[in-house]
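These notes concern the structure reproduced below.
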Amino acid sequence: MDAGAVAAALDDARFDALQDSRHEDLADDVRGRAELAEWERLDQLLAATPARTVYDPDTDPVVQAELAAEAAAAAAREAELREAARVAARADELQALRELHALEQTELRDGDEAVRDELTRRAGGYVQADVDAWLARALAAHRGHYRDPAAREAAAGLLPPPVLAHAALLAELARLVGIPVRPCPMWRCGR
């Protein structure tokens, strides 16, 4: 489109906006106002260019910014889907290990706090004591990704207070008695 075609489209949009303003049910039409604003923006954009310049969306910074924002949003959605799939797969894995009574021998991984939430969601909000105990013992003993002090600090915002309190109690008991926090033997965990 050149400046003349944009000016004609702008006139049509202004006429449509005027007509819509006369009808109560169309007066609040957001689409019409947005279309008018876009034609005004294009008219101003071409007015600042040399004569006979043709509008090119590939050089329009507004269009390019919108395309970049859409691409970023699509990439974020894709990352969220991949993370949800990873959490679901890890939840399946931990559930199978729980059923085999092998959860304590499992190394804690980054993101297992979200897996705990997924397992709790699957159980209808029921708090799974064995998973919470596993997380508390790993946090107290600095096992798995809790070897990293930053991961231990982040756990304060990711785990519920009872798990954090359990971990703090285990760590303090281990410090007082001098016995390292170890996985719970099956006969003591009530399994």
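Everything numeric here is computed off the predicted structure, so don't read it as measured data.
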Task: Over 12 foreign heavy atoms within 6.0 Å of CD, E153 - done: no

- [ ] Would you mind reporting whether R82 and R86 have side-chain heavy atoms less than 4.5 Å apart?
- [x] no

Open item on the list: If I take atom CD from residue Q44 and atom OG1 from residue T49, how far apart are they, to the nearest 0.5 angstrom?
Closed with: 12.5 Å

Task: Pairwise side-chain contact, V131 with L94, heavy-atom cut-off 4.5 Å (strictly under) - done: no

- [ ] Would you mind reporting whether V63 and L67 have side-chain heavy atoms less than 4.5 Å apart?
- [x] yes

Task: Reported CG-to-CG distance for the pair D92 and L119, which is rounded to 0.5 angstrom - done: 8.5 Å

TODO: Report yes if the side chains of D132 and H166 come closer than 4.5 Å at any heavy-atom pair, otherwise no.
DONE: no

- [ ] State whether the side chain of Q64 and the backbone N or O of P57 hold a donor-acceptor pair below 3.5 Å, judged by distance alone.
- [x] yes

Task: Joint cluster assignment, L36 & M1, ILVMFWY side-chain distance < 4.5 Å - done: yes

Open item on the list: In the structure I gave you, are the side-chain heavy atoms of Q128 and R122 within less than 4.5 Å of one another anywhere?
Closed with: no

Quick one: side chains of residues 2-15, donor-acceptor pairs under 3.5 Å with protein atoms, not counting sequence neighbours, listed by atom name and distance.
{"from": "D2", "atom 1": "OD1", "to": "G4", "atom 2": "N", "distance (Å)": "3.3"}
{"from": "D2", "atom 1": "OD1", "to": "A5", "atom 2": "N", "distance (Å)": "2.9"}

Open item on the list: If the condition is side-chain hydrogen bond (donor to acceptor under 3.5 Å, both in side chains), which residues does E40 pass it with, not counting sequence neighbours?
Closed with: none

- [ ] Grab the two heavy atoms, one from L170 and one from A140, that are nearest each other, plus how far apart they are.
- [x] CB-CB, 3.7 Å

- [ ] Please round to the nearest 0.5 Å and tell me the distance separating atom OG1 of T106 and atom CH2 of W134.
- [x] 6.0 Å

Open item on the list: I want to check something: taking the side chain as every heavy atom from C-beta on, are R90 and V87 in contact at a cut-off of under 4.5 Å?
Closed with: no

Open item on the list: Less than 4.5 Å apart, side chain to side chain, heavy atoms only: is that true for D117 and L158?
Closed with: no

- [ ] Look up atom OH in Y55 and atom CG in L45, then write down how far apart they are to the nearest 0.5 Å.
- [x] 7.0 Å

TODO: Supply the atom-to-atom distance R98 CZ to D130 CG, rounded to the nearest 0.5 angstrom.
DONE: 4.0 Å

Task: Pairwise side-chain contact, D60 with L42, heavy-atom cut-off 4.5 Å (strictly under) - done: yes

Open item on the list: Whether E172 and R175 form a salt bridge (side-chain N of Lys/Arg under 4.0 Å from carboxylate O of Asp/Glu) is what I want to check.
Closed with: yes

- [ ] With rounding to the nearest 0.5 Å, note down the distance linking CZ in R143 to CD in E107.
- [x] 7.5 Å

TODO: Would you mind telling me which of R109, E113, R152 makes a side chain to side chain donor-acceptor pair (under 3.5 Å) with H145?
DONE: E113

